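Here the structure is a predicted model, which means the values were calculated and not measured. The sequence lines fix the lettering, A, B, ..., with proteins before strands; numbering per chain opens at 1.
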Number of protein chains: 2
Amino acid sequence: MEFRILIYSRDAQLFLLLQHVLATEGFVVSLAGGANDILKLVFNDRVRAVVIDGSATRLDLYPFRAKHPHVSFILLLNQPVPPRGFGSAMADADLVLTRPFDPSLLIQFLRRLRVEAVVTKRGTRSAETPLRFADLEMNSTTVKVRRNGHEVPLTALQFRLLRHLLKDPEVVQSRDALIAACWSREAEVEPRTVDIHMGHIRRALKKYGPDLIRTVRSHGYALAAEASPDNHPLT
Amino acid sequence: MEFRILIYSRDAQLFLLLQHVLATEGFVVSLAGGANDILKLVFNDRVRAVVIDGSATRLDLYPFRAKHPHVSFILLLNQPVPPRGFGSAMADADLVLTRPFDPSLLIQFLRRLRVEAVVTKRGTRSAETPLRFADLEMNSTTVKVRRNGHEVPLTALQFRLLRHLLKDPEVVQSRDALIAACWSREAEVEPRTVDIHMGHIRRALKKYGPDLIRTVRSHGYALAAEASPDNHPLT
DNA sequence: TTCGCAAGTTTGTTGCAACAAAATTGCGAC
DNA sequence: GTCGCAATTTTGTTGCAACAAACTTGCGAA
């Protein structure tokens with residue numbers, strides 16, 4: 001996931017100024033034309049934070065938050081007392097700024113986000129950025145994977161595959177699901193190709209500990225702390 | 001004389017954003033509470049430019065212009081067609097921007113102004129703490145980089161690039177992010193061009209120690225203490 | 001029923017050609 | 001001297017065919 005920031009506002013001047021400010025800090029900024037843009041980009045995993053100008057519209061963050069815990073939402077309110085309907089949005093936002101707000105606060109927040117982890121209203125949460133499972137740790141910001149302190153070199157594709165597994169470690173991902181999640185939309189890849197890359201990841205990880213990749217016959221792959229043999233009685 | 005810019009606006013949000021943007025560029029910014037402030041500060045000979053938000057009030061620039069030819073006036077208009085009464089102000093302004101305006105235009109203008117005024121330049125900037133990483137040290141005030149005590153000669157662009165990496169040393173910066181942060185806003189540069197400059201920086205730094213630039217394939221660049229344990233991912 | 005085993009499935013691994021990305025060089029513009 | 005970019009070289013990555021290994025299933029014999 002790249003570190004893109006989406007701004008949703010009807011105030012063109014605000015957007016231009018914010019864009020300038022954020023670009024100066026090295027953030028990649030996009031303007032959301034409407035709620036659909038937010039949906040599309042967030043679902044494509046292209047966005048790390050969304051700035052919502054309170055004057056833009058009402059928007060229920062809840063559905064986003066549930067599916068994308070690693071995306072931060074920043075709310076810009078026009079008045080100290082939020083209008084009706086924003087109650088829930090406020091409760092769900094990670095940062096609420098009341099206009100006029102000091103851009104430094106926004107930048108401070110985003111820089112912290114970039115370096116550390118997902119920041120929420122309740123403080124720093126290690127939900128996404130260091131992704132963990134057993135003795136494995138993946139940091140998407142520094143693009144590093146380490147196991148037991150050893151850095152594990154992975155290619156970009158291997159990184160994406162492992163990240164997808166790490167998001168829901170116990171869930172078995174079908175080959176098609178992995179292809180959909182880790183390859184570009186137009187790519188046409190044989191399901192068996194997934195096997196090959198899982199093999200590479202498996203080998204890379206096994207260098208520093210027991211196998212973490214669980215093959216679920218005729219279903220797909222998942223992570224497993226111990227390569228536990230299926231405890232199904234036979235026949 | 002410091003390069004002070006006065007902003008005259010009733011829009012607190014605009015002021016805060018502009019202040020931030022301009023402060024980032026090294027300008028000193030003040031808010032004018034009213035026309036009197038303009039008078040006072042301009043008469044004190046501390047102000048080199050005045051930004052007047054068209055929504056603030058009508059203001060006849062003529063008396064100012066006559067007495068203070070060295071002060072530039074920038075007018076921000078809300079509509080392409082100025083309301084009555086602004087005719088003369090427009091004619092007298094040094095720069096007129098219609099909202100929504102691109103902050104780059106304002107900066108461009110002010111920069112030029114500053115360059116012209118550089119005759120009396122004095123390096124009285126506040127001392128920032130130098131940026132460090134491993135055996136590398138960057139002093140933004142003196143604009144010098146040294147590694148292991150050796151001074152590393154860098155061009156301005158190389159300096160900006162390295163500085164941006166140093167701000168968050170472990171974080172991988174995409175080429176687009178580096179372009180956004182280190183090139184002027186209007187510059188259009190190919191992402192590949194970043195490679196070339198990273199190569200130059202890399203070479204310059206390697207003169208006094210091991211490689212510090214970490215290339216993260218298909219992501220971007222970062223700094224790394226141990227360049228890479230020549231582990232190649234297995235394919 | 002349980003066991004052995006052959007036939008059929010599914011998964012693991014390897015080598016390599018094709019491709020993609022990054023490093024480097026050289027040149028023209030300023 | 002600095003910069004951007006096109007062109008070239010170098011390096012790294014990916015997909016797939018081919019084969020090996022592991023696992024399942026079906027079925028006959030004990």
message: Distance check needed: dC23(D) P versus His219(A) NE2, whole Å only.
response: 16 Å

- request: Answer with base, sugar-phosphate or nothing: what part of the nucleic acid does Glu188(B) contact at a heavy-atom distance below 4.0 Å?
  value: sugar-phosphate

- request: Could you tell me whether the phosphate oxygens of dA23(C), OP1 or OP2, come under 4.0 Å of any side-chain nitrogen or oxygen in Thr215(B)?
  value: yes

query: Just checking, any donor-acceptor pair under 3.5 angstrom between side chains of Ser72(A) and Arg48(A)?
result: no

task: Give a yes-or-no answer on whether the side chains of Thr215(B) and Arg202(B) include a donor-acceptor pair shorter than 3.5 Å.
output: yes

query: Side chains of Arg217(B) and Thr155(A): do they bring a donor and an acceptor to under 3.5 Å?
result: no

- prompt: Whole-Å distance between dG12(C) P and Ile201(A) CD1?
  reply: 12 Å

- prompt: Rounded to whole angstroms, how far apart are CZ on Arg175(A) and C1' on dG12(C)?
  reply: 11 Å

message: What is the separation between atom NE2 on His200(A) and atom P on dT13(C), rounded to the nearest whole Å?
response: 9 Å

- prompt: Ignoring hydrogens and angles, are the base of dA21(C) and the side chain of Arg217(B) linked by a donor-acceptor pair under 3.5 Å?
  reply: yes

- prompt: Trp183(A) CH2 to dC16(D) C1': how many Å, rounded?
  reply: 12 Å

- prompt: Taking only N and O in the side chain of Arg202(A), is any of them less than 4.0 Å away from OP1 or OP2 of dG12(C)?
  reply: yes

query: Taking the six-membered ring for Trp, are His219(B) and Phe159(A) parallel (under 30°), tilted (30 to 60°) or perpendicular (over 60°)?
result: perpendicular

- request: Report the residue (Lys206(A) or Gly220(B)) whose heavy-atom-nearest nucleotide on DNA chain C is the more 5′ of the two.
  value: Lys206(A)

- prompt: Between Thr193(A) and dC16(D), is there a side-chain N or O to OP1/OP2 distance below 4.0 Å?
  reply: yes

field: Sugar-phosphate only, base, or nothing, as touched by Leu157(B) at under 4.0 Å among non-hydrogen atoms
entry: sugar-phosphate

field: Any Arg192(A) side-chain N or O less than 4.0 Å from OP1/OP2 of dT13(C)
entry: no

task: Classify the side-chain pair Thr193(A)/Arg175(A) by whether it contains a donor and acceptor separated by less than 3.5 Å.
output: no

statement: Rounded to whole Å, CD of Glu190(A) lies from P of dA17(D) at a distance of 7 Å

message: Output the rounded distance in Å from CZ (Phe159(B)) to P (dC3(D)).
response: 13 Å

query: Is the shortest distance from a Lys or Arg side-chain nitrogen in Arg146(B) or Glu137(B) to a carboxylate oxygen in the other one below 4.0 Å?
result: no

List every contact pair, protein side and nucleotides 28-30 of chain C side both N or O, where the distance is under 3.5 Å.
none

- prompt: Are any of Thr155(B)'s side-chain N or O atoms less than 4.0 Å away from OP1 or OP2 of dC3(D)?
  reply: yes

message: Less than 4.0 angstrom between a side-chain N/O of His197(A) and OP1 or OP2 of dT14(D), yes or no?
response: no

message: For the backbone of Lys144(B) and the side chain of Asn139(B), can you confirm whether one donor and one acceptor N or O come within less than 3.5 Å of each other?
response: no

task: For Arg160(A) and for Ala187(B), find the nucleotide of DNA chain D with the closest heavy atom, then tell me which residue's nucleotide is more 5'.
output: Ala187(B)

message: If the cut-off is 4.0 Å, is Tyr221(A) near the phosphate of dT10(C), judged by side-chain N/O to OP1 or OP2?
response: no

query: Is a side-chain donor-acceptor pair under 3.5 Å present for Asp102(A) with Ser104(A)?
result: yes

query: When the distance from CE of Met198(B) to C1' of dT24(C) is rounded to whole Å, what number comes out?
result: 15 Å

